[in-house]
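Everything on this sheet refers to the single structure shown next.
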Amino acid sequence: MKLAFVGGTGPEGLGIAMRMARAGHEVAIGSRSTERGEEGAAKVREAVPGARASGGANADVIGDADVVFLTFPYSGQEATLEALAGALEGKLVCNVVAPLEFQQGIGAVALNVPGNSALQESMAQLPGSRVVSAFQNMSAEELQHLDHPINADVLVCGRDAEAKQTVIGLANQIEGVRGIDAGGPSQSRYVEMLTSLLINLNRKHKTQTSIRIAGID
Ligand SMILES: NC(=O)c1ccc[n+]([C@@H]2O[C@H](COP(=O)([O-])OP(=O)(O)OC[C@H]3O[C@@H](n4cnc5c(N)ncnc54)[C@H](OP(=O)(O)O)[C@@H]3O)[C@@H](O)[C@H]2O)c1
């Protein structure tokens with residue numbers, strides 16, 4: 001498949017892109033700057049020998065992608081999707097955004113967003129796209145440690161069952177990862193909020209945490 005990353009120059013987008021490139025997919029790293037997108041693609045090629053990775057402006061990498069990952073901060077979601085809604089029409093979009101902020105003395109704090117979750121807000125802005133959410137609990141550091149399997153579940157939320165199965169299939173291609181259908185769009189809020197807890201656990205225990213759901217075979 002061809003996978004594009006809007007805001008793909010950060011650690012999370014690059015991490016998912018590296019893992020997907022390693023699984024044999026073609027990846028396109030998007031940025032607000034063409035040069036930064038190209039630099040991001042070079043990082044993927046350096047980390048994954050033989051990777052098919054290109055880069056460019058966000059609007060340009062979406063092109064013929066089968067799946068478009070949203071890997072930018074929540075603060076940029078509304079404006080970015082407003083600008084790209086046309087280009088994303090008809091696409092399978094995987095939203096990785098976890099709305100959070102850092103507060104002195106507390107650490108990461110999950111935000112209560114007006115539309116209930118980043119996923120639901122993005123669905124409202126992209127009525128012509130098939131939007132799901134996934135990977136919000138997956139640490140970028142873990143993703144970029146390519147020689148280590150990741151011990152984690154990826155919870156996939158959304159309305160479109162086929163789109164969820166596609167993203168579950170991609171998650172399952174990362175060694176040690178299991179994709180799980182976590183339900184409809186309203187469930188995404190809980191998955192997104194869990195990210196703040198994981199970040200604070202990482203700090204407290206000086207490690208990289210992830211989640212596993214018990215009881216699902
Ligand atoms: N880092 C993690 O371990 C982790 C784990 C789980 C989930 N997440 C979620 O994944 C998303 C990406 O995380 P990240 O750590 O990679 O984020 P990041 O480094 O802060 O941002 C990723 C990229 O987004 C672009 N960007 C920044 N501000 C933007 C704005 N206002 N509008 C549009 N684009 C903007 C930048 O690319 P250009 O300047 O090149 O355009 C940046 O390199 C976040 O929503 C985060 O909550 C992250």
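Residue indices begin at 1 and follow the sequence shown. Treat the numbers as computed from the prediction; the structure is a model and nothing was measured. Note that ligands are numbered from 1 as they come in the structure, with each ligand's atoms numbered from 1 the same way.
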R36-ligand 1 polar pair, N/O distance under 3.5 Å = yes

ask   = Does an N or O anywhere in T9 fall below 3.5 Å from an N or O of ligand 1?
value = yes

request  = For atom CD of Q173, decide whether the heavy atoms of other residues, nucleotides or ligands shown that lie under 6.0 angstrom number more than 12.
outcome  = yes

request  = Do me a favour and list the nearest non-hydrogen protein atom to atom 9 (C) of ligand 1 with residue, atom name and distance?
outcome  = V96 O, 3.5 Å

task = Using atom types as modelled and distance alone, determine if a side-chain donor or acceptor of N58 lies under 3.5 Å from a backbone N or O of S31.
result = yes

query = Hey, is T80 touching ligand 1 through its side chain, its backbone, both or neither, going by heavy atoms under 4.0 Å?
reply = side chain

request  = Please indicate whether any nitrogen or oxygen in F72 is less than 3.5 Å from any nitrogen or oxygen in ligand 1.
outcome  = yes

ask   = P73 near ligand 1, heavy-atom distance under 4.0 Å?
value = yes

inquiry  = Under 3.5 Å between any N/O of S31 and any N/O of ligand 1: does that happen in this structure?
reply    = yes

query = Does the S33 side chain pair with the main chain of R36, one donor and one acceptor, at a distance under 3.5 Å?
reply = yes

remark   = atom 46 (C) of ligand 1: closest protein heavy atom, distance to 0.1 Å, is A98 N, 4.2 Å

Numbered atoms of ligand 1 (with element) below 4.0 Å of G10, judged on heavy atoms = 16 (O), 19 (O), 22 (C), 23 (C), 43 (O)

request  = Could you tell me which atoms of ligand 1, counted from 1 in the order shown, lie closer than 4.0 angstrom to a heavy atom of Q136?
outcome  = 6 (C), 7 (C)

ask   = So, the side chain of S188 versus the backbone of G184: is there a donor-acceptor pair under 3.5 Å, distance only?
value = no

Nearest non-hydrogen protein atom, atom 31 (N) of ligand 1 = G76 CA, 3.5 Å

key: Any N/O pair P11/ligand 1 closer than 3.5 Å   = yes

task = Please confirm whether the backbone N or O of A118 pairs with a side-chain atom of E192, one donor and one acceptor, at under 3.5 Å?
result = yes

Atom 17 (O) of ligand 1: any protein heavy atom closer than 4.0 Å = no

message = Between K164 and A182 (side chain of the first, backbone of the second, donor and acceptor by atom type, cut-off under 3.5 Å), is there such a pair?
response = no

inquiry  = Could you report the tightest heavy-atom contact between K91 and A65, atom names first, then the distance?
reply    = NZ-O, 2.9 Å

note = Correct closest heavy-atom pair for A28 and V61 would be CB-CB, 3.8 Å

task = Could you name each residue pair satisfying ring pair (Phe, Tyr, Trp, His ring centres under 6.0 Å) that touches residues 10-50, not counting sequence neighbours?
result = none

request  = Please report which non-hydrogen protein atom sits nearest to atom 23 (C) of ligand 1, along with the residue it belongs to and the distance in Å to one decimal place.
outcome  = G7 O, 3.4 Å

key: Minimum non-hydrogen distance to atom 12 (C) of ligand 1, winning option of L143, T71, L70, N202   = T71

ask   = For atom 35 (C) of ligand 1, what is the nearest protein heavy atom, given as residue, atom name and distance?
value = R32 CZ, 3.4 Å

Residue part near ligand 1, for E12, under 4.0 Å between non-hydrogen atoms = both

message = Quick one: does any side-chain atom of Q125 pair with a main-chain N or O of E78 as donor and acceptor, under 3.5 Å?
response = yes

Test item: R45 side-chain N/O and A53 main-chain N/O as donor-acceptor pair under 3.5 Å = yes

task = Check step by step if side chain to side chain contact (heavy atoms under 4.5 Å, CB included) holds for L3 and L170.
result = CA-CA 10 Å; L3 312 175; L170 292 174; 4.1 Å; yes

ask   = Given that the side chain starts at C-beta and the backbone is N, CA, C, O, which of these parts of M138 lies under 4.0 Å from ligand 1, counting heavy atoms, or is it both or neither?
value = backbone

query = Does N58 reach ligand 1 with a nitrogen or oxygen that is under 3.5 Å from one of the ligand's nitrogen or oxygen atoms?
reply = no

key: Under 3.5 Å: N/O of A140 near N/O of ligand 1   = yes

